[in-house]
Amino acid sequence: RHYGGYEYAQQGGFVPPDMVQQPYTGQIYQPTQSYSAASAQSFYGSSFEDEPPLLEELGINFDHIWQKTLTVLHPLKVADGSIMNETDLAGPMVFCLAFGATLLLAGKIQFGYVYGISAIGCLGMFCLLNLMSVTGVSFGCVASVLGYCLLPMILLSSFAIVFSLQGMMGIILTAGIIGWCSFSASKIFISALAMEGQQLLVAYPCALLYGVFALISIF
């Protein structure tokens, strides 16, 4: 029976209509899918496959590191200014650690001097290049170039592990390594900052900086 919209149960009492058991029709309730992969992709902007690699997000590009290393090892190779004008510090950190490690193998614990002289030299070259160049340069770029050009100095410190550099041959080898480092650094700087005709002016302070590293390797 129905009384005012309520159904009278057989056991007695009134039961609301929405609580009356409905007959089974053989269909299972399917909830509407409000969250889909397409909506997630539109919410986050792109899928995970479109995201850049982790090393690229950290600023580590092995191809650029290899090209910069080849530019330093080959002094006559033309430097690519677009690649050299980057604040890549992964390679310089490795070369500084390698330089300190070779000094350690020669019985010289000079890690503090290496990092201290590197910081002072980068600061001095940063101020000098900003005064000389028209475009200007960032501190990270200066540290990156000077760090990569420290690679020939690692060869000198490795040679000092076996042989003494305080003789005539050691002086000639040291002078050649200093010229190699300063020439490579000045070549990269004038290529990245468009400072044509000023390579000798840039090479002189670079030679002073790498000369200090050579003195650490000799004595």
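Small disclaimer: the values here were computed from a predicted structure and weren't measured.
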Counting C-beta onward and ignoring hydrogens, is there a side-chain heavy-atom pair between [X] and [Y] closer than 4.5 Å?
X	Y	value
F189	L146	yes
L193	V202	no
L97	Y115	yes
Y210	P152	no
I188	V72	yes

Can you confirm whether [X] is buried at [atom1], in the sense that more than 12 heavy atoms of other residues, nucleotides or ligands lie under 6.0 Å from that atom?
X	atom1	answer
L70	CG	yes
L200	CG	no
Y113	OH	no

Between the main-chain N or O of [Y] and the side-chain N or O of [X], is there a donor-acceptor pair closer than 3.5 Å?
X	Y	value
S191	K187	no
W180	M153	no
S158	I154	yes
S186	F183	yes

Check whether [X] and [Y] end up in the same hydrophobic cluster, where Ile, Leu, Val, Met, Phe, Trp and Tyr are linked by side-chain heavy atoms less than 4.5 Å apart.
X	Y	result
I120	V114	no
I161	L104	no
F219	L156	yes
L123	M93	no
L128	V134	no

Quiz item: What closest approach, in Å, do P92 and Y148 show between heavy atoms, and which atom pair accounts for it?
Solution: CD-CE1, 3.6 Å

Practice problem: Give the minimum heavy-atom separation between L89 and A143, together with the two atoms involved. | Solution: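 Heavy atoms only, the tightest pair is CD2-CB, 4.0 Å.
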
Hey, could you give me the [atom1]/[atom2] distance between [X] and [Y], rounded to the nearest 0.5 Å?
X	Y	atom1	atom2	value
F126	L131	CZ	CG	9.5 Å
L208	F213	CG	CZ	12.5 Å
L173	I178	CG	CD1	10.0 Å
F159	S164	CZ	OG	9.5 Å
C206	L201	SG	CG	11.0 Å
L103	I216	CG	CD1	7.0 Å

Exercise. Evaluate the side-chain contact (heavy atoms from CB on, under 4.5 Å) criterion for residues Q110 and F99: first the C-alpha distance (whole Å), next the side-chain angles of each, then the deciding distance (0.1 Å), finally the verdict.
Key: CA-CA 9 Å; Q110 305 290 353; F99 182 61; over 6 Å; no

Practice problem: Would you please test M169 and F163 for side-chain contact (heavy atoms from CB on, under 4.5 Å) and show each step? | Solution: CA-CA 10 Å; M169 291 300 298; F163 304 98; over 6 Å; no

Exercise. Start with the C-alpha gap between C181 and L150, add the side-chain angles, then the distance that decides, and say whether side-chain contact (heavy atoms from CB on, under 4.5 Å) holds.
Key: CA-CA 6 Å; C181 294; L150 190 65; over 6 Å; no

Quiz item: With sequence neighbours left out, which residue pairs that include part of residues 94-106 fulfil the side-chain hydrogen bond (donor to acceptor under 3.5 Å, both in side chains) condition?
Solution: T102-S157

Exercise. Among I190, V137, T135, find the one that has a side chain to side chain contact (heavy atoms under 4.5 Å, CB included) with M195.
Key: I190

